[in-house]
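See structure below.
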There are 2 protein chains.
Amino acid sequence: MIERMAKHYDQYCPVAHALDVVGDRWALLVARELMQGPKRYTDLAEGLPGIGTNILAARLRDLETAGVIAKKTLPPPAASRVYELTDYGLELKPVMRELAVWGARSLGPPTTDDELFPGWLVCPVDMILGPLAPPGRFEFRVGDEIASLVDGDAYTGPIDDPDVVVEGDAEGLYYLFIERRLDGVSISGDRALLDRLIDAAPQPVA
Amino acid sequence: MIERMAKHYDQYCPVAHALDVVGDRWALLVARELMQGPKRYTDLAEGLPGIGTNILAARLRDLETAGVIAKKTLPPPAASRVYELTDYGLELKPVMRELAVWGARSLGPPTTDDELFPGWLVCPVDMILGPLAPPGRFEFRVGDEIASLVDGDAYTGPIDDPDVVVEGDAEGLYYLFIERRLDGVSISGDRALLDRLIDAAPQPVA
DNA sequence: CCGCATCCCCAAAGATACTG
DNA sequence: CAGTATCTTTGGGGATGCGG
């Protein structure tokens with residue numbers, strides 16, 4: 001059953017073509033997961049709650065065929081297979097950044113059925129705050145998720161000598177950065193520096 | 001039949017949320033069509049060859065609910081209904097621009113089943129060339145499609161006193177801007193200015 | 001276990017006919 | 001012209017199975 005790729009838009013348009021490649025359901029979220037580095041099949045599935053195993057396999061195949069990701073076998077003694085973004089796949093970062101900024105404006109606080117999957121925090125920190133952050137060392141703590149920002153570069157986990165530490169829950173983080181309201185977070189360190197970061201954050205659309 | 005919106009990713013992530021809004025099939029292409037200004041239902045369908053009328057209606061409803069587009073009734077004597085992007089919907093332009101630049105790199109020359117729908121030319125001129133164009137007056141002619149660029153702003157149709165005019169077919173335009181090859185296009189006017197535009201264009205990935 | 005392939009079922013997309 | 005109604009087809013969600 002050699003499948004001919006057929007579900008295309010068939011328009012000579014760079015946007016339509018891009019959507020032919022990463023427009024399928026889950027495809028861009030797979031790329032999002034791999035933005036934090038190479039991952040194994042099972043770890044990918046864990047970061048994409050709700051995806052069917054067959055769908056994940058299909059997307060990985062399609063994205064590999066399209067040259068967006070590559071399968072790599074780690075050297076012994078690990079010897080596990082991981083997926084990683086190609087150089088071309090990495091270039092999706094500006095796309096996802098704009099998409100994240102746009103989405104953040106209508107995101108709203110988390111609801112009860114929103115999943116807080118492992119690694120959820122570092123993505124918006126990297127995509128949204130990173131590019132517009134003033135020089136400085138920020139640390140964000142929500143439950144056992146910790147993400148940091150050093151001069152615009154995002155990291156998973158704590159850092160040494162942070163200028164500011166923001167701790168709270170997901171709701172509090174939303175209120176702080178999007179609605180500029182202090183509610184459910186505790187701040188220690190350079191408050192003025194944090195305010196400069198908040199001022200640069202996206203504005204809510206509503 | 002009060003539809004409960006249910007096909008969400010259910011992740012607290014700005015990217016996933018953005019895809020909940022504009023990630024459905026055809027949704028972003030509807031927004032692309034409206035980037036060139038308000039359009040009527042039938043004109044939208046014409047610019048989206050292959051879309052079913054029910055799908056178009058469904059997307060328009062969803063996008064309106066999400067606050068991305070708005071339905072407007074033109075003042076008499078026109079009195080026709082048009083759809084237009086809201087301010088928030090207009091903010092999708094940076095997203096589409098990055099997507100277009102990314103897609104252009106793996107687009108390739110047009111194939112036989114690629115449709116050249118009305119208005120196809122102005123989109124890449126606006127999204128891709130516009131932001132990186134040097135000051136100047138460019139005019140592009142492919143068949144009866146004419147798009148222009150004046151100091152980075154794109155227009156449909158010809159302009160007065162163009163510095164450069166590029167005429168040819170879709171394939172020639174692709175070779176010129178992406179592969180930097182002169183094949184199937186004729187150029188008149190300031191060749192050096194055109195070269196500066198070409199130099200800034202996206203590089204092919206292959 | 002990890003990395004899928006297979007199967008079944010349903011919801012969304014495609015296609016077309018039809019109506020205010 | 002601007003959609004709705006209806007039918008068919010396809011792709012995704014979910015569970016399970018199976019080889020390495």
Side-chain angles (χ1 to χ4, degrees), chain A residues 1-11 16 19-20 22-30 33-34 38-65 69-74 76-84 113 115, chain B residues 1-11 16 19-30 33-34 38-64 69-74 76-84 113 115:
Chain A
M1 62 152 83
I2 359 145
E3 286 279 352
R4 276 295 104 232
M5 321 205 294
K7 245 321 76 90
H8 291 337
Y9 285 115
D10 286 336
Q11 295 188 10
L19 293 175
D20 280 338
V22 293
D24 281 340
R25 189 158 166 81
W26 293 108
L28 211 64
L29 294 185
V30 169
E33 288 300 299
L34 294 179
K39 286 197 176 185
R40 293 178 308 169
Y41 187 93
T42 318
D43 297 327
L44 280 170
E46 194 179 351
L48 300 168
I51 196 174
T53 67
N54 50 342
I55 303 297
L56 177 55
R59 290 297 165 271
L60 290 171
R61 229 181 304 114
D62 296 343
L63 290 173
E64 189 179 6
T65 302
I69 67 175
K71 203 186 302 190
K72 203 173 61 174
T73 304
L74 291 183
S80 62
R81 264 181 280 284
V82 294
Y83 293 89
E84 65 180 356
D113 35 45
E115 294 222 33
Chain B
M1 58 153 88
I2 358 146
E3 288 278 351
R4 275 294 107 232
M5 320 205 296
K7 248 314 80 90
H8 290 334
Y9 285 114
D10 286 336
Q11 295 188 9
L19 292 175
D20 280 337
V21 178
V22 292
D24 282 339
R25 188 159 167 81
W26 293 107
L28 212 66
L29 294 185
V30 169
E33 287 300 299
L34 294 179
K39 286 196 176 185
R40 294 177 306 169
Y41 188 92
T42 317
D43 297 327
L44 280 170
E46 193 179 352
L48 300 168
I51 195 174
T53 67
N54 50 344
I55 303 298
L56 178 54
R59 290 298 163 270
L60 290 171
R61 227 181 303 115
D62 296 343
L63 290 173
E64 187 178 9
I69 67 175
K71 202 186 304 190
K72 204 174 63 173
T73 302
L74 291 184
S80 62
R81 265 180 281 282
V82 294
Y83 293 89
E84 63 180 356
D113 36 46
E115 293 223 33

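Chain letters run A, B, ... following the sequence lines, proteins first and then strands; every chain starts at 1.
Arg40(B) has its CZ atom 5 Å from the P atom of dA2(D), to the nearest Å. Following rounding to the nearest Å, Leu74(B) (CG) and dC1(D) (C1') show an atom-to-atom distance of 13 Å. Note: CG (Leu56(A)) to P (dG12(D)) measures 12 Å, nearest angstrom. For Leu29(A) and dG13(D), the CG to C1' distance is 15 Å, given to the nearest whole Å. Protein atom CG of Asp20(B) is 16 Å distant from nucleotide atom P of dG12(D), rounded to whole Å. As rounded to whole Å, 15 Å separates atom C1' of dG12(D) from atom CG of Asp10(B). Atoms CG (Asp43(B)) and C1' (dG3(D)) sit 14 Å apart, rounded to a whole Å. To the nearest angstrom, P of dG13(D) lies 11 Å from CG of Leu48(A).
Residues passing the side chain to side chain contact (heavy atoms under 4.5 Å, CB included) test with Ile55(A) are Trp26(A), Ile51(A), Arg59(A), sequence neighbours excluded. Taking the salt bridge (Lys or Arg N to Asp or Glu O under 4.0 Å) definition, one finds that Arg61(A) meets it with nothing, sequence neighbours left out. Listed by chain and number, the residues in a side chain to side chain donor-acceptor pair (under 3.5 Å) with Arg81(A) amount to none (sequence neighbours excluded). Partners of Glu64(B) by side chain to side chain contact (heavy atoms under 4.5 Å, CB included), not counting sequence neighbours, listed by chain and number: Ile69(B), Lys71(B).
Between Arg40(B) and Val82(B), the closest heavy-atom pair is CG-CG1, 3.7 Å. Considering all non-hydrogen atoms of both residues, Val30(B) and Leu44(B) come closest at O-CD2, 4.4 Å. Listed here is the closest heavy atom pair of Gln11(B) and Pro49(A): NE2-CD, 3.3 Å.
For dG20(D), neither phosphate oxygen OP1 nor OP2 lies less than 4.0 angstrom from any side-chain nitrogen or oxygen of Tyr41(A). Dashed line: the shortest gap from a side-chain N or O of Arg61(A) to OP1 or OP2 of dG3(C) is not under 4.0 Å.
Rounding to the nearest 0.5 Å gives a distance of 10.0 Å between CD of Glu33(A) and CG of Leu56(A).
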Which letters describe nucleotides 14-20 of chain C, given B = protein heavy atom under 4.0 Å from base, S = only from sugar-phosphate, - = neither? BBBB---
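The backbone N or O of Gly50(B) lies less than 3.5 Å from no partner atom in the side chain of Tyr9(A), so there is not a single donor-acceptor pair.
Defining each end axis of the helix from dC1(C)-dG20(D) to dT19(C)-dA2(D) as the rotation carrying four pairs' C1' atoms onto the next four, with five pairs an end, the two axes are found to diverge by 30° to 10 degrees.
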